[in-house]
Amino acid sequence: MNKLIPERPNKNTLLREWTGPQTKDLVLNPGGFGLGKIPEKFRPSATTHSVCGYCATGCSLEVHMKDSEGVNLSATKNYPVNIGMACPKGWEALRVLESDDRATEPLLRDSDGNLKPVSWDEAAKTFSQRFKDIKEKHGPEALAWLGTGQATVEDLAFLGALGKFGFGFRHGDGNTRQCMATAVVAYKQAFGFDAPPYTYQDFEESDVLVFIGANPCIAHPIMWQRVMRNKNNPEIIVVDPRKTETAMAATQHYPLEPKSDLVLFYGLARLLIENGAIDEEFIRNSVDGFEEFKEFVQQYELGYVSDVSGISIDNLKRFAKTIAQGKRVSFWWTMGVNQSYEGVRLAQSIINIALMTGNMGRPGTGANSITGQCNAMGSRIFSNTSSLIGGHDFLNDEHREKVSRELGIDIEKIPNENSWAYDQIVQGIEDGKIKGLWLVATNSAHSWIGQKQFREVVKKLDFFVVQDMYHSTESAQLADLVLPVAGWGEREGTYINSERRIGRTRKVRKAPGQALSDFNIFRILAQYWGCGDIFAKWDSPENVFKILAQLTKGRPCDISGITSYEMLEKNGGIQWPYPEKNPNTQTQRRLFEDGKFYHPNGKAKMLFERPKPLPEPTTSNYPFVLLTGRGTSSQWHTQTRTSKSEVLRKLYPKNVYVEISPNDAKKLGVDKGELLRIMSRRGEVQAAAYITPTVKPGQVFMPMHYEETNKLTNPTFDAYSRQPSYKHCAVSIQRIET
Ligand SMILES: Nc1nc2c(c(=O)[nH]1)N[C@H]1C(S)=C(S)[C@@H](COP(=O)(O)OP(=O)(O)OC[C@H]3O[C@@H](n4cnc5c(=O)[nH]c(N)nc54)[C@H](O)[C@@H]3O)O[C@H]1N2
Ligand SMILES: Nc1nc2c(c(=O)[nH]1)N[C@H]1C(S)=C(S)[C@@H](COP(=O)(O)OP(=O)(O)OC[C@H]3O[C@@H](n4cnc5c(=O)[nH]c(N)nc54)[C@H](O)[C@@H]3O)O[C@H]1N2
Ligand code: SF4
Ligand SMILES: [Mo]
C-alpha cells in the first residue's frame, strides 16, 4: 500500500478527513471504541458485504452482524474499488437509519390540511384512485414522476416500467437530470452511446491527470485515494475557479474565470494542434470531424483565450505542454462542467482533446465523466426516463418491439416519444398541464434550481405523493401522501458505479415500523392499480435483475452474461459490458481499446459550437458571482441522511455559510463569522461570512447542503441536456446593520 495512505488517521496529513481505520482494526468505529473495548451490544457474530449507498465511487462496506442485524461497519479490504478505505459517510451509514423522523407509516393529508397516519391499504387505494381520476379527467399527459439515482437498479427499473407501461404516466424524469444529463448527451453524440470509458485503475496509471470542475477530495474521496496510489509521480492539473482541497493537492491549478472553460479548451486545442501534439493515426482510424474542428479553433488565439479565461499566456502554454508531453493523459470532469448552460459542448471540448491526442482506450487515459450518486449510472440505463429501459431508445421502433417482446408488454403501452425533462415537468405544473406528481427518493423542494417555483407549484397539484425514508424532508412536508421507505441497508439490489461496475447492496437491518422497500411498494401499487399481472415475474430484486440482464443483450451495455447476485459478489462487482458470449472477464476494464466507437461507422465524432454569452452576468447591483457545490465530505446533498449522525454533525458547520475572499471582506468591512445578506434576482438569504483566499475577489461560494442556496440560483439550462446551470449566477452581498 502506498505510504501516502496512513494506516490510521493522522492529523498531519491532508488525508486525515476521510481515511478511516484500516480493516485490520475491523470493528473499531469512528465513534471511538478501541479494540477490545467494544461493548457487548456491538460485538459482531458474522460479517457480510454491501456497496455504499451515497456516492458513485461504489465502495464495498463490511457489515458486522449480530443476531441478523448489522451493528457496525468497516471498509472491505479486497474489493477492487476501495481496497480497505471508506469516507465518513460510509463509516456512519448505519447510524443515519436510527432517527426519530424516519417515516414509519403512510401519512395522508386530511381535510384540515394535516398529515395523518393511515394503513397501507388506504394509502395504496388512495394512490391509485387519485391518480386514475386525474388520468381520466386530464389524460396521461397530466401525470409525472421524478425519480432518482439513489435507488437500486431493480427499483429504478420497476418505477420506470410501472410509471410508463403500467400506470401510463406520460412524463418521468429523475434527479440524475441535475447531475449527469450533460455527460449522457455529450457521450451519446460523440461516441454513439452513453459510455464513460474508464476504470479506476486509470487513476493509478496516468502520468498526467486533468480534473475539470471536479473536487474529488471532498466529493469522491476514495477516488482521490486511488490518485494518491499513482506511482508515476503524475502531474495533477485542476481547472476550477476556486482553490479547492483538490487544487491544493495538485501540481498545477488554473483558477479560470467561471464559465470560461469552453474558450479555454478551444484555445488549448489550437495550441496542441499548432505544436503538432496530435495522434494522426488515431484520428484517421477513429475520429470524424477533426479537419472542421481544426479550422474552427483557429479563431481562439492565445491573447483572446488568456483575456477570457484569466489564465496567463505562459500558463496556457504550460498547460498545453504538459498534455503534449504526457504519455498517458486522463481528463476527469464533474459538476463544474455538467452544471453549465453550455455543458454538453464543454464536455465535448474535453472529449475532443482526448481524441485528437490519442488519449483514449489505453491505460491511464480517457475523457472521463465522474458520476455523482451511487446508482446514477443505473438510472441512465434502466430508469425508463430519458432512454428506453435497458439502454434503448423510445424513438427507435425496433427497440420498442424488442422491449415489448422481452418484457411481455403490449407495444402500444411503450411510448414512441421522449417525455418532458425535469424543468419542463415543473413548468407543466405551473401551466396547469400536470396535475399529479410522484416524487421518489429526491428532495426537490430543497435541491431544485427553481426551489421557489417548485415549492409554489406543488400547491397547484391535484395530488402530490412523496416516497421517502424520512417524513421531515422539505418535499414530504408539502405532500398529500407520504409513503414510508426502507433505506440503504434495509433492502436488496444492485448499483452501477462510476466505472460501470455493478455491485450488490444488501439488507442488513429491518426497516422501522411499517416502512417498506421501494420494491415492495411498487409491487403493492401495481396490484392496487390493476396491472400486477404485467409484473408477475417481477417478484424479487434478483429476478428483476435477471430479466434486465437479458434485456440488455446486443446493446453496448450488454450484461446478459451476469446470471446471479452471487456472481457479482464472487467477482468483486462486474463492469459492463459482460455479454453472454465471450465476455472479457478481467476485473479492470476500459472501453474503446480497439479504437472502435458505437456510431455505425465505428468512429467518434468531434462536436463544437461557438460559446454563448453568460445567462446572468454580474452588474453593479449584483456584482458577485455565486458558485455552489459540495461543502464537506461529511455532508450529503439536502442532508436528510447525513444530519442524523452525531459523528458527521461534528465534522461540518451547522448553519449556512458563504465563502468570501479576504479582499472583498475588507472592502465591505466584514468580520469573520458575521451574518451577511445575500441577494439574487430570485431571493434573499442570510449566511455567515467564511473569509478564505480559496475564492477569488468578485466570487463567493455557498454549499448546496443548506436550503438557502437554491433560493438564489438561476434556473437556466443547457439547451441539449436540459441540465440546470447551478454553478453560476449574480448576487449582491450586504452587511446586516445592527
Ligand atoms: N460529500 C459529498 N460527496 C458527494 C456529494 C455530496 O453531496 N456530498 N454528492 C455526489 C454527487 S450527486 C455529485 S453530482 C458529485 C459532485 O462532485 P463535484 O462536481 O466534484 O462537486 P461540486 O462541488 O458540486 O463541483 C465541483 C467544482 O466545480 C467548480 N466550478 C464551479 N463553476 C465552475 C466553472 O465554471 N468551471 C470549472 N472548471 N469549475 C467550476 C466548483 O468550484 C467546485 O469546486 O459529488 C458526489 N459526492
Ligand atoms: N445549488 C446547487 N444545487 C444542487 C447541486 C449543486 O451543485 N448546487 N447539485 C445537484 C445534484 S448534482 C444533485 S444529484 C441533487 C441532489 O438532490 P436530491 O436528490 O434532492 O438530494 P438528496 O438529499 O439526496 O435527496 C434524496 C432523498 O431521497 C431519500 N432517500 C434516500 N434513500 C432512499 C431510498 O432508498 N428510497 C426512497 N424512496 N427515498 C430515499 C432521502 O431521504 C432524500 O430525501 O442536488 C442538485 N442541487
Ligand atoms: S467515497 Fe462514496 S461510496 Fe465510498 S464510502 Fe464515501 S460515500 Fe460511500
Ligand atoms: Mo449529483
Side-chain angles (χ1 to χ4, degrees), residues 18 53-57 87-89 96 103 146-152 155 159 174-180 211-221 238-242 244-247 254-261 264 333-340 346 370-374 376 439-449 451 466-470 472-476 483-488 490-491 493 517-518 521 625-642 694-695 699 701-705 709-710 712-713 723-724 726-728:
W18 54 81
Y54 287 105
C55 89
T57 307
C87 85
K89 296 183 297 302
V96 305
L146 289 171
T148 187
Q150 289 175 62
T152 61
D155 290 350
L159 172 61
N175 67 3
T176 12
R177 179 75 61 179
Q178 302 168 323
C179 187
M180 302 317 304
F211 289 93
I212 308 126
N215 188 11
C217 283
I218 293 297
H220 296 97
V238 169
V239 181
D240 193 310
R242 299 188 301 137
T244 58
E245 295 75 358
T246 312
Y254 298 114
L256 81 175
E257 285 301 310
K259 299 287 156 272
S260 66
D261 308 61
L264 170 67
W333 81 83
T334 319
M335 292 308 117
V337 170
N338 283 359
Q339 292 172 342
S340 161
L346 173 54
I370 300 176
T371 320
Q373 305 167 87
C374 53
L439 213 61
V440 182
T442 186
N443 186 13
S444 321
H446 180 316
S447 59
W448 182 240
I449 194 161
Q451 188 200 85
V466 171
Q467 188 163 317
D468 204 288
M469 293 167 65
Y470 304 94
S472 57
T473 73
E474 287 81 359
S475 305
L483 300 178
V485 183
W488 177 89
E490 297 167 344
R491 45 137 166 87
S517 65
D518 288 299
I521 296 175
V625 172
L626 172 66
L627 305 169
T628 71
R630 275 73 198 157
T632 68
S633 61
S634 308
Q635 283 166 295
W636 181 255
H637 293 161
T638 73
Q639 295 251 60
T640 63
R641 287 195 272 169
T642 42
T694 57
V695 287
Q699 297 168 15
F701 173 82
M702 285 173 73
M704 63 160 303
H705 312 296
T709 304
N710 282 320
L712 302 169
T713 45
Q723 178 155 346
Y726 279 109
K727 299 259 187 280
H728 191 288

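Just so you know, ligand 1 is whichever comes first in the structure, and atom 1 is the first atom listed for that ligand. Please read all numbers here as calculations on a predicted model, not as lab measurements.
At under 3.5 Å, not a single nitrogen or oxygen of Thr713, backbone or side chain, sits near a nitrogen or oxygen of ligand 2. Not a single N or O atom of Trp636, backbone or side chain, sits closer than 3.5 Å to an N or O atom of ligand 1. At least one N/O-N/O distance between Ala219 and ligand 1 falls below 3.5 Å. Considering both main-chain and side-chain atoms, Asn175 comes within under 3.5 Å of ligand 2 through a nitrogen or oxygen pair. Ligand 1 has no N or O atom lying under 3.5 Å from any N or O atom of Ser260, backbone or side chain. For Ser634, no nitrogen or oxygen atom sits less than 3.5 Å from a nitrogen or oxygen atom of ligand 1, counting backbone and side chain alike. Close N/O approach between Thr628 and ligand 1 is not found [any backbone or side-chain N/O within under 3.5 Å]. Between Arg491 and ligand 2, at least one pair of N/O atoms sits closer than 3.5 Å. For Asn710, a nitrogen or oxygen atom sits less than 3.5 Å from a nitrogen or oxygen atom of ligand 2, counting backbone and side chain alike. Among the atoms of Tyr470, none of the N or O lies under 3.5 angstrom from an N or O of ligand 2. For a threshold of 3.5 Å applied to N or O pairs, the pair formed by Glu257 and ligand 1 contains no separation below that value.
Listed by atom number, the atoms of ligand 1 under 4.0 Å from Thr244 heavy atoms are 44 (O). Less than 4.0 angstrom separates some heavy atom of Arg242 from each of these atoms of ligand 1: 41 (C), 42 (O), 43 (C), 44 (O). Counting atoms of ligand 2 from 1 in the listed order, those under 4.0 Å from a heavy atom of Thr709 are 1 (N). Every atom of ligand 1 is numbered from 1 in the order shown, and the set under 4.0 Å from a heavy atom of Cys55 is 47 (N). Atoms of ligand 2 found under 4.0 Å from any heavy atom of Gln178, numbered from 1 in the order shown, are 12 (S), 13 (C), 15 (C), 16 (C), 17 (O), 45 (O), 46 (C). Using a 4.0 Å cut-off to heavy atoms of Pro258, the atoms of ligand 1 that qualify are 35 (O). For ligand 2, the atoms sitting less than 4.0 Å from at least one non-hydrogen atom of Thr640 are 41 (C), 42 (O), 43 (C), 44 (O), numbered in the order shown with element in parentheses. Contact atoms of ligand 2 toward Cys179: 12 (S), 14 (S) (distance under 4.0 Å to a heavy atom of the residue). Near Gln467, meaning under 4.0 Å from any of its heavy atoms, are these atoms of ligand 2: 37 (C), 38 (N), 39 (N). Each of the atoms 15 (C), 17 (O), 45 (O), 46 (C) of ligand 1 lies under 4.0 Å from some heavy atom of His220. Heavy-atom contacts of Ser633 reach the following atoms of ligand 1: 1 (N) (cutoff under 4.0 Å). Near Ala486, meaning under 4.0 Å from any of its heavy atoms, are these atoms of ligand 2: 35 (O). Proximity to Gln373 (heavy-atom distance under 4.0 Å) selects the following atoms of ligand 1: 12 (S). Atom numbering of ligand 2 starts at 1 in the shown order; those under 4.0 Å from a heavy atom of Val485 are 36 (N), 37 (C), 38 (N).
A heavy-atom distance below 4.5 Å is found between the side chains of Met335 and Arg630. By the 4.5 Å heavy-atom criterion applied to side chains, Gln699 and Pro241 are counted as neighbours. Contact of the Pro703 side chain with the Thr628 side chain is not registered, since no non-hydrogen atoms from C-beta on lie closer than 4.5 Å. Between Pro88 and Ser633 the shortest side-chain heavy-atom distance falls below 4.5 Å.
When each of Asn175, Leu159, Asp155 is checked for a side-chain contact (heavy atoms from CB on, under 4.5 Å) with Thr148, only Asn175 meets the rule. Applying side-chain contact (heavy atoms from CB on, under 4.5 Å) to Thr473 and the options Thr442, Asp468, Leu439, Thr638 leaves one that passes, Asp468.
The shell of residues lying under 4.0 angstrom from ligand 2, judged by heavy atoms, includes Thr473. Ligand 2 has no atom lying under 4.0 Å from any heavy atom of His446. Taking a 4.0 Å cut-off on heavy atoms, Lys727 registers as neighbouring ligand 2. Not a single heavy atom of Ile370 sits closer than 4.0 Å to an atom of ligand 1. Under a 4.0 angstrom heavy-atom cut-off, His728 registers as lying outside contact with ligand 1.
If you check each of Met180, Gln339, His637, Met335 against atom 9 (N) of ligand 2, the one with the closest non-hydrogen atom is Gln339. When the heavy-atom distances from atom 26 (C) of ligand 1 to Gly213, Ala376, Pro88, Gly629 are ranked, the shortest goes to Gly213. When the heavy-atom distances from atom 32 (N) of ligand 2 to Met469, Gln150, Gln451 are ranked, the shortest goes to Met469.
Heavy atoms of Asn443 found under 4.0 angstrom from ligand 2 belong to the backbone as well as the side chain. Counting heavy atoms closer than 4.0 Å to ligand 2, residue Thr638 contributes atoms from both its backbone and its side chain. With a heavy-atom cut-off of 4.0 Å, Ala151 does not touch ligand 2 at all. Only side-chain heavy atoms of Asp518 come within less than 4.0 Å of ligand 2; its backbone N, CA, C and O stay farther off.
Remark: minimum distance from atom 13 (C) of ligand 1 to any protein heavy atom is reached at Gly372 CA, 3.4 Å. For atom 40 (C) of ligand 1, the nearest non-hydrogen atom of the protein is Pro241 CD, 3.3 Å. Ranking protein heavy atoms by distance to atom 28 (O) of ligand 1, first place goes to Gly336 CA, 3.3 Å.
There is no side-chain donor-acceptor pair under 3.5 Å between Arg641 and Gln635.
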